[in-house]
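Just the heavy atoms: all of them, side chains too, but no hydrogens, waters or symmetry mates, feed the values below. Note that this is a predicted model, so its numbers are computed, not measured.
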Amino acid sequence: MLSAAWATAQNPVIRDQFSADPTARVFNDRVYLYPSHDIPAPEGQRQDWFCMADYHVFSSDNLTEWTDHGVIVTQNKVPWVRPDSYSMWAPDCVCKDGKYYFFFPSAPKSGRGFAIGVATADKPEGPYTCAPEPIKGVMGIDPSVLIDDDGQCYMYWAGGPMRGAKLTSDLMSLDGEVKNMEGLPDGFKEGPFAFKHDGHYYLTFPWVRKDKGTETLAYAMSDSPLGPWDFKGIIMAESPTGCWTNHHSILPYRGQW
């Protein structure tokens with residue numbers, strides 16, 4: 001059984017646990033927040049690095065009071081995730097045909113790096129059922145999924161060059177070749193968030209300018225969901241404190257973006 005916990009609209013909005021890299025989505029006239037969850041590292045784990053064993057989901061209908069719906073996916077209950085790998089980084093969630101699809105990266109039992117898997121549910125807060133295998137042909141982090149006007153879905157991810165690909169209609173596998181996102185600026189990029197507005201595709205992402213050494217938020221536009229992209233510039237400049245991972249979402253809610 002899950003109990004609801006409340007947080008106020010002060011920053012940070014989540015104050016009873018360490019969280020990072022959230023994706024926000026609007027479902028059923030509520031905003032749902034899907035962050036990663038950083039816990040104190042257990043003995044034997046690296047003490048100076050991220051330690052992420054599960055995911056919570058939070059929701060609000062006024063952006064002031066937030067409900068913690070509890071854990072929706074946990075590492076040692078995902079068939080393909082390496083046990084006790086503490087590598088559940090930035091996720092995303094979308095709704096298609098009344099079903100919710102939660103995309104998340106983690107370390108696989110075999111191989112190196114990160115794979116990306118999918119869990120499904122009938123409600124945005126779960127319960128979620130994880131697919132037994134990750135998406136084949138994808139190695140990387142920070143998945144972001146765009147559902148186009150015609151229902152075709154596309155996934156974008158980081159961990160090397162920014163990449164993207166079509167998804168099959170069940171959102172469980174790739175439907176075509178993986179493409180590098182051409183036209184983006186040089187320098188480190190992560191955390192893509194893609195959306196469509198007035199017929200144009202937007203790809204937004206944290207970006208490190210080589211002469212600065214910490215992250216901005218930047219964006220590019222295209223007339224095609226997989227590019228090539230026309231780099232447009234910076235949404236948010238570097239933090240004067242040197243703060244890293246400026247993971248973000250851009251979405252409409254009740255008539256406002």
Side-chain heavy-atom pair F104, S36 within 4.5 angstrom cut-off: no
Heavy-atom pair of closest approach, residues L226 and A165: CD2-N, 3.7 Å
Flag, side chain of N28 to backbone of R30, donor-acceptor distance under 3.5 Å: no
Between Y100 and F27, ring centroids under 6.0 Å: yes
V94 side chain near F103 side chain, heavy-atom distance below 4.5 Å: yes
Within 6.0 Å of CG in N62, more than 12 heavy atoms from elsewhere: yes
Same apolar cluster (I L V M F W Y, side chains within < 4.5 Å links), V145/L174: yes
CG on L33 to OG on S60, rounded to 0.5 Å: 9.5 Å
Greater than 12 external heavy atoms within 6.0 Å of K96's NZ: yes
salt_bridge(R209, E238) N-O dist < 4.0 Å: yes
Check: Q47 side chain, P40 main-chain N or O, donor-acceptor pair, under 3.5 Å: no
Check: Y128 side chain, P124 main-chain N or O, donor-acceptor pair, under 3.5 Å: yes
Donor-acceptor pair between S106 and S87 side chains, under 3.5 angstrom: yes
Donor-acceptor under 3.5 Å (K189 side chain, G187 main chain): yes
Donor + acceptor pair across side chains of T168, S173 (<3.5 Å): yes
Shortest non-hydrogen contact from Y253 toward D61: OH-O, 3.1 Å
Cationic N near anionic O, under 4.0 Å, D54 to K77: no
Linked, directly or transitively: L171 and V178 (ILVMFWY side chains, under 4.5 Å): yes
From CE (M221) to OH (Y219), nearest 0.5 Å: 6.5 Å
Salt bridge flag under 4.0 Å for residues K99 and D122: no
P127 to A121 - nearest heavy-atom pair and separation: O-CB, 3.1 Å
Shared hydrophobic cluster, L63 / F58 (ILVMFWY, side-chain heavy atoms < 4.5 Å): yes
Whether Y101 side chain and D92 backbone form a donor-acceptor pair below 3.5 Å: no
Parallel, tilted or perpendicular: rings of Y202 and F195 (30°, 60°): parallel
Check: F231 ring centre within less than 6.0 Å of W207 ring centre: yes
Value rounded to 0.5 Å, distance of OG in S85 from CZ in F114: 8.0 Å
Nearest atoms (heavy-atom pairs only) where W80 meets E133: CD1-C, 3.7 Å
Check against side-chain contact (heavy atoms from CB on, under 4.5 Å), D175 and L167: CA-CA 5 Å; D175 182 15; L167 292 172; 5.9 Å; no
Minimum heavy-atom distance between S59 and H69, given as atom pair plus value: OG-NE2, 2.7 Å
CG on L203 to NZ on K232, rounded to 0.5 Å: 13.5 Å
Q152/I147 under side-chain contact (heavy atoms from CB on, under 4.5 Å): CA gap, chis, key distance, verdict: CA-CA 6 Å; Q152 175 64 59; I147 302 178; over 6 Å; no
Validation row: D149, K196 side chains within 4.5 angstrom (heavy atoms): yes
V138 side chain reached by K136 side chain, heavy atoms, under 4.5 Å: no
Any D84 side-chain heavy atom under 4.5 Å of N76 side chain: yes
Value rounded to 0.5 Å, distance of CG in L184 from CG in D230: 10.5 Å
I116-M52 co-clustered via ILVMFWY side chain contacts under 4.5 Å: no
Polar side-chain atom of R82 near backbone of A107 as donor-acceptor pair, under 3.5 Å: no
H248 vs P206 side-chain heavy atoms within contact, under 4.5 Å: yes
Side chain to side chain, N180 and M162, heavy atoms closer than 4.5 Å: no
R112, CZ atom: more than 12 neighbouring heavy atoms under 6.0 Å: no
F205-Y156 aromatic ring centre distance below 6.0 Å: no
Steps toward side-chain hydrogen bond (donor to acceptor under 3.5 Å, both in side chains) verdict (T241, S239): CA-CA 5 Å; T241 68; S239 167; 2.8 Å; yes
H56 and H37 aromatic ring geometry - parallel, tilted or perpendicular at 30°/60° bounds: perpendicular
Within-4.5 Å side-chain heavy-atom neighbours: W157 and S144: no
Derivation and outcome, side-chain contact (heavy atoms from CB on, under 4.5 Å), residues D16 and I14: CA-CA 6 Å; D16 65 339; I14 301 171; 4.0 Å; yes
V118 reachable from M155 in the ILVMFWY side-chain graph, under 4.5 Å edges: yes
Steps toward side-chain contact (heavy atoms from CB on, under 4.5 Å) verdict (I135, M172): CA-CA 6 Å; I135 300 174; M172 293 293 177; over 6 Å; no
E215 side chain to W244 backbone, donor-acceptor under 3.5 Å: no
Spatial distance of atom CG (D38) from atom SG (C51) [nearest 0.5 Å]: 7.0 Å
Nearest atoms (heavy-atom pairs only) where V57 meets I72: CG1-CG2, 3.6 Å
